[in-house]
Each structure stands twice: as C-alpha cells, then as structure tokens.
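Note sheet for the following structure.
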Amino acid sequence: MNRDDFEWKIEEEWLKDVLVEIHKQYDKNRDFKEKIKEDAIRTQKELWDEIGSVSIANGLDQIADFMQFISFMKTQKISHESTRRLQEKYERMLSSPYFGRIDFIEKEDSKAEKCYIGISNLINDNIDFLIYDWRAPLSSMFYDCEIGEAGYTCPEGIIEGELTLKRQYKINNGKIEYMFDSNLKIDDEILQNILSKSTDSKMKTIVTTIQREQNRVIRDEEYKILIVQGPAGSGKTSIALHRIAYLLYRYREKITPQNIVIFSPNEIFNDYISNVLPELGEDNMYQTTFKEYMHKALGNEFSKEDYCEMMEYILDVKETPNYQNRIDNIRYKSTVEFMNILKYYVLYAERKNRDFRDIFFRGQLIVSADALEELFFQEDIKLPLKRRLKKIKNRIFFLMEPYKKHRSEEIMEELKGTGNYINHVELLRDSITLVNEEMADIYNEINRITELNLENIYRDLFENLEFFYRSLNIEYAEDKIEKIRRYTLENLNANRLYYEDQIILLYLKIALGDIPKTSEIKYVIIDEAQDYTPLQYEIFYQLFESANMTILGDLNQSINPFMNVENYNNISHIFSQSNTCIMNLTKSYRSTKEITEFSRKLLNNEIIDEGIQRSGERPLFLGFPDEEAIKERILEDIRTYKDKGYKSIGIITRTIKETSEVYNFLKEKIHIKAIRKDDDGYVSDTLVIPAYLAKGLEFDVVLIYNVGNGNYYCEEERLLLYTACTRALHILCIYYSGECTPLLN
Ligand SMILES: Nc1ncnc2c1ncn2[C@@H]1O[C@H](COP(=O)(O)OP(=O)(O)OP(=O)(O)O)[C@@H](O)[C@H]1O
C-alpha cells in the first residue's frame, strides 16, 4: 500500500485521532504526576512543622503520628511511581501507538469491528477501545488466525466469527512508515526485515511478530509446568519474557513482578534481557542465577568453587592425573541414580537416632531421653528435621525455666549475704550468669542433639554410601562407588567444595528444612533449562512447590557435557504428569539460512528446523599456521566487518584463558571488551567471550577462535561448538591453526 492510496489517507486520519487522544491522556497524567509531587513536598513540610525531631522522650503519640506520616508518604511514592511509568508508556505510544489491526465480525453481528493492536490499551472517555493491548484475549487472533473463520477465548467463553482484514504497520515518531495487509502468517516482510537488521543493543521485544507456535506458549494457562524445547534462536528467551508480560496483564489483580522469578544462566545474560519488560511497559521480575541463589543460601562457611572455575577445569586441564576422577565425580553426582540415593538419605537422616540422653540439673531430671525420643520420632515426624530440632530445643528451654528461676533465686539469696550488692539489677544479672554457668553442660547437650551440621551430614552420606545402595537394593559397581566415596571425603577434608558438591549441600539444606520455603513466588521461569541436572530440578521443585513453572531449553545446547538434564524424561517424575506439558518449537529466527544449515550439520542427530528463509553469506573457514596468525586475521576481520556496518561482533573462545589471550592481543589495537566472569555485565559492540558464557547471547558477526590444535577435539565438546556457532545472526567465521577439529569434517 502506498501513500497515495485512499486507504492510506483514512489510516492517517485515524492515527491522527489516536495521537490526539494519547496526548490528552498524557497531559492529564503529567498534571496528576505534578500534583502528587507537590503533595509530597507539602507532606514533608508538614511532617517537619508538626512533628519536628522524633524522640521517645516526646511520648508514644508523637511516634504514632510520625508513623502515620511515613505510611502516607509511602502511598504518595507508589502513586508517583505509577504515574511515572504511565508517562513512559504514553511516550512510547506517541511514537508508535499500534502495530496491527484486525477487522472482526462476531457471529450474528453484521458489521466488522476495527481492532487496532499495540503495546497497551487505549480507551477514550466513551469507553471505546481505540487500541487493544497485544495481550488482550481478542488480540490473540492477530497472531493465531488467518482471514476467514476465526475466534478467541475470553473469560466469557469462546467468541467466534470472521476475520475480514489483518493489517500490519510500521509507525515511527507518530508517522506511518509502511503498512500492508497480510492474509496469512506474520512471517513475511516485516519479520524478514526485523531479522535482517544489525543488533547493537540488548534483547528486544518481538511483540509485533510473535509467531503462532510462540503465542501458544506465551498465553498458555492450562499447565502448571510447561516445558518448552526449541532449537537455537527459536525465541525461547523472548517467549519467556513475553509470557511474563502476559501473566502480569492477565492476572494483574493477583500477581506483581515480585511474584515472578527468572533463573538465568549468568549475570551477563540477566543484563542482556533486562530491557524487554520495561519496553513492554512492565517492571522487571526478580532475576537471579542458580549460582547466586546457591552461594547466598550456603553462606560463607565453605570455600566454594565457581561455575566458571568448574568449566575451565573441564575444558582446560585434561592432562592432569586427577582429571578423570573429577569428571567421574561430576558425572556421578548429576545422575538420577545418585538423586534417588540422596532422597533416601534424607529420609534416613530425618529418622536417624540422635542418641538422646536424660537431662539433669543438680540431680533433678528435667527431661528424660525417652520423652525426647518420643517428641522426635512420634509427634512431629512429618516436619522437616530442622523444624523438629528447633521444637525440641524450645521444649527443653521451656522445661528448664522453673529450675532456672528457682536456682537463680537461691543464688540471689547467697549473693545478698555477701553484702557486696546494693543494686538489685546487678544482683539479678550476676545470679543469672551464675545459673547459666552451672547449666553449661545442659546447653552443650542441647546443642549436640539439635545441631544440624551440613558438612557432617554430607560426610555421613559418603562415608556410608554403599550402605544406602544396599538398603535400596540398587546394584552398584563397588570400585566405582568406593572411588567416589574416597574422592569426596578427600576433598571435604581439604575444605574443597566443588560446584557439583555445593548443589548436593543445597539440596540437603532445603530438604532438611534449613531454608524456609516461599509462597511469595507464584511463577518461576527457568531459561537454558538443558544445563540443570535432575537434582537441580528437584531443588527448584522443593523451593517453589506451589508455583507455576515455565522451563525453556534446547537439549542440543548442553554446554557442560557431564552436568545437564540429558533428557526431559529425567525430570518427569518430579512434576505431576497431569499438569505438565512439553511443547516443541520448530523454527529458528536468529541466524541466516546458511548459518543455520551449517550449525545443524554439527549435530549428529538431525533436528527438525523449518527456519525462516533469510539468506546471507556462507560461513567461512580459515586455516593458519599458529595462534598469532589467527589473532592477526581476527583483528583485520573485526575492522572489515565494522566498516561494513555490523554493530555487534563476538569473538568466541573455548575458555576464559583463551579469552584473555585474545583480549590482550587486541585491546591496544581496537576498542574491545572481554567477559571473563559469569557476573560481569553485558556490553554490546565488540566482545571476546568464552563459549559457555555466550549461551543465550547473539551477535551480528561471530568469529570463532581456534577450532584446531586440539581445541573442540572430543565428542563432548560438540554441543559447546554448536552453541558458539548458533550465536551468529549474519556472519560466521571459524579460524583454526594446525589441524582443524574432526567435529567439523
Ligand atoms: N517472532 C519473532 N519475531 C522477531 N524476532 C524473533 C521472533 N522470535 C525470535 N526472534 C529473534 O530471534 C532471536 C533469537 O531469539 P531468542 O534469543 O529468544 O531465542 P532462543 O531460543 O532463546 O535462543 P538460544 O536457545 O539460541 O539462546 C532474537 O534476536 C529474537 O529477537
């Protein structure tokens, strides 16, 4: 459609009307915001005038008045915040108020309703919907239906009818740049156009071109646990974030961003995705990583290995004598078999006799061993161990109280007799101190029976590993289990806590009730789901038992060959089958056809990937005599691609060690950044990064550093290389020195 068309003129008129309405609402909101600001300043002044400086000496009434002021000021702050958000939304709408239109005739109606679709509803004073939010029930037809019979589900039921028009717009700065009618899906020109652009910033919204299979995941409300498997670049992360926006809209009375948590692979990724929800007019949910959560929960008692340290070890120290032991350890502790042993061990630890003894004070029985045992084994057996122990502790304290009081009175009399005290408070204090000293053995005994020492519990598990296999009637290879046992205990004795061990410790801490469960979180999103072990899923489940979960991953992108989910069947027993569903995405959007085809060949098992047919240059393979020559060529290529207008360039290495080498070579010559820790922030532009930290990210140009000389040589590193290659949108260059990896033959 072009500007001279009659239809274009009508659309321009409509846009003008819509912009007038947005302006009107924008101004009203701005005035309201100003008023709130003035009110807030006035409240502050009143607080100062009426209350002045607060002191307990001025009486409780002053404190009560002060608290009332504070609560009022909090409400003002919340209102101000919400008008600020509205202002931002109107600003975005003034630039681009909508991106789609559908004309829909409801059954039994004769006239089609024109429905414009944008990032937010716009309703005028007559309660006419000038724009529908993309998340509104009706808007789903824009993504799901073609011209002809159509319908949508809303709280009132299914609404059926006919779609007579579907139109897409590109509106920028309040002007229509282009528009066209599409009879079929939205994978046409607009999508091609979006995908062929250079990327220079963080992740963007895809709201204008959400595809049908993606829309299904975004709007699903049927399943409590939704597992989404999709190839690289199929939009899993985008979907996760749009799903959050959808849930916030759909259940706006019930959930807020504080009720949602997303587990991302690392901080870089967290940073990379942080713009999407604000662009959609929503506040960000709580973002964290498993490592961050785990390290907080385990505290500072242990010296803990980092995720990156583990990955570097796996990739870089293959020649050391202990390497195989460590790998066997990681592999073993990631198996379902070990998880079952661990679950059994928790039951065992919860019921293990704690060698209760009678507790006496000055010859009088405070509580008998039998009574304690009964309390431990019978009354509260369903409670987690930590809570049962706490109850026992409180019970003993309660029973001690009369003895303590009586003895303290006795001592007070004795002290009075010394004639050294004139002050009653001092007398009381000293008598209590003396009673506590007399009761020191009892306190020690209480600590002994109620202590929950995680390290000892962990040690106990491995000291008796074979016993648990036998108890569960699981066949096992004695020498293998003995090796694991010895290796674990050796490391514990040396105060070394590997990443895989930390996960077990965290599980024990949660299962034994040493971490409170939260019901605050109602939705959990787990991205890059392939890289969590079944045990980690068990942890997610225990922590967020009542929450809904969306789990998104690609089994072909398991960056750690020894520590991953391997197969979603491995976690199926954790979640109830009746409300769990696995949905598959089939298309990829990120890379050109050539890059997608090339990367797909890297996978031994063919995946069904329809791909969007966007053509580009074929991936380049370049061989060099040594690493120095590769670096020289990379420098030259960065300059060339920058000159060609590509904005983001990722030089992907295998390890952090290589990242440092390449960065040190380049840093004096061009503007470049390096990512060498998983809690670094995301930077766009030109970046050197190890492959396992680049997962989830994307670059216009990907330059893969050295796939020769033993790098990516073994089968275990195939998926790591695949993950690295699939980060490229437009250009992929692969460099090698010496002999190229057989994985690329
Ligand atoms: N419907 C869509 N319209 C426009 N762009 C899309 C669409 N779906 C995905 N994309 C784009 O494809 C790219 C890949 O998306 P995303 O990172 O969400 O995929 P992913 O499945 O999480 O990838 P990976 O598993 O490889 O990390 C992004 O640039 C995203 O904007």
Side-chain angles (χ1 to χ4, degrees), residues 99-100 134 142-144 168 170 185-218 228-244 262 264-266 268-269 272-273 275-276 279-280 525-531 550-559 583-592 595-596 599-600 602-603 607 609-612 614 647-648 650 652 682 684 691-700 702 719-730 732:
F99 51 81
W134 64 278
F142 178 71
Y143 303 112
D144 288 342
Q168 288 173 260
K170 171 93 176 151
K185 300 163 281 172
I186 327 169
D187 63 1
D188 39 38
E189 292 163 55
I190 288 200
L191 181 55
Q192 297 281 0
N193 187 303
I194 290 173
L195 297 174
S196 60
K197 291 232 163 73
S198 269
T199 167
D200 60 343
S201 66
K202 298 183 179 180
M203 183 169 237
K204 295 189 188 68
T205 75
I206 57 162
V207 68
T208 55
T209 49
I210 291 169
Q211 301 297 291
R212 191 181 296 175
E213 62 176 18
Q214 298 177 323
N215 197 32
R216 198 171 140 229
V217 178
I218 292 171
V228 182
Q229 159 65 33
S234 53
K236 296 179 294 297
T237 305
S238 310
I239 292 172
L241 298 167
H242 286 71
R243 180 164 167 75
I244 293 172
I262 183 163
S264 305
N266 50 53
I268 309 146
F269 184 84
Y272 168 66
I273 62 171
N275 276 0
V276 176
E279 269 182 36
L280 291 171
I525 312 282
I526 302 169
D527 202 3
E528 303 291 340
Q530 69 282 354
D531 290 320
T550 307
I551 298 168
L552 310 102
D554 176 12
L555 296 175
N556 289 315
Q557 290 184 65
S558 305
I559 51 157
M583 290 189 186
N584 287 297
L585 300 173
T586 52
K587 288 185 190 169
S588 283
Y589 302 91
R590 177 181 295 128
S591 312
T592 58
I595 296 174
T596 306
S599 343
R600 213 187 311 160
L602 243 173
L603 297 177
I607 54 167
D609 180 355
E610 292 171 21
I612 292 291
R614 179 169 66 86
K647 290 179 182 148
S648 66
I652 302 187
Y682 173 76
S684 52
Y692 59 85
L693 290 182
K695 67 172 174 172
L697 306 183
E698 61 186 27
F699 306 90
D700 288 334
V702 165
L719 300 186
L720 187 67
L721 183 55
Y722 170 75
T723 307
C725 293
T726 52
R727 300 308 92 201
L729 273 87
H730 312 295
L732 174 64

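Order of appearance sets the numbers: ligands from 1, and atoms from 1 within every ligand.
The protein non-hydrogen atom at the shortest distance from atom 8 (N) of ligand 1 is Gln214 NE2, 3.0 Å. The protein heavy-atom contact nearest to atom 25 (O) of ligand 1 is Lys236 NZ, 2.7 Å. Scanning the protein heavy atoms around atom 18 (O) of ligand 1, the nearest turns out to be Ser238 OG, 2.6 Å. Of the protein's non-hydrogen atoms, the one nearest atom 6 (C) of ligand 1 is Ile206 CG2, 3.5 Å. The nearest heavy-atom contact from the protein to atom 10 (N) of ligand 1 is Tyr589 CB, 3.7 Å. Among all protein heavy atoms, the one lying closest to atom 19 (O) of ligand 1 is Gly235 N, 2.9 Å.
Ligand-side atoms of ligand 1 in range of Pro231: 21 (O), range being under 4.0 angstrom from any heavy atom. If you number the atoms of ligand 1 from 1 as listed, the ones under 4.0 Å from a heavy atom of Met203 come out as 16 (P), 17 (O), 18 (O). Ligand-side atoms of ligand 1 in range of Gly696: 27 (O), range being under 4.0 angstrom from any heavy atom.
Salt bridge present: Glu698 and Arg590 bring a charged side-chain N and a carboxylate O closer than 4.0 Å. Using a 4.0 Å cut-off between charged nitrogen and carboxylate oxygen, Lys695 and Asp531 count as a salt-bridge pair.
Of all the heavy atoms of Thr209, the ones lying under 4.0 Å from any atom of ligand 1 are found in both the backbone and the side chain. At a heavy-atom cutoff of 4.0 Å, ligand 1 is contacted by no atom of Lys204, backbone or side chain.
By the 30° and 60° cut-offs, the orientation of the rings of His242 relative to Trp134 is perpendicular.
Looking at Asp527 and Thr237, their side chains do bring a donor and an acceptor atom within 3.5 Å of each other.
Taking the side chain as every heavy atom from C-beta outward, Ile595 and Cys725 never approach each other to under 4.5 Å. For the pair Leu693 and Asn266, the minimum side-chain heavy-atom distance is below 4.5 Å.
Heavy atoms of Gly230 stay at 4.0 angstrom or farther from ligand 1.
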As a quick check of understanding, evaluate side-chain hydrogen bond (donor to acceptor under 3.5 Å, both in side chains) for Thr208 and Gln168, giving each step before the final call. CA-CA 8 Å; Thr208 55; Gln168 288 173 260; over 6 Å; no
Can Ile206 and Gln214 be said to form a side chain to side chain contact (heavy atoms under 4.5 Å, CB included), step by step? CA-CA 10 Å; Ile206 57 162; Gln214 298 177 323; 3.8 Å; yes
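The option from Glu698, Arg590, Gln530 that lies nearest to atom 17 (O) of ligand 1, judged by heavy atoms, is Arg590.
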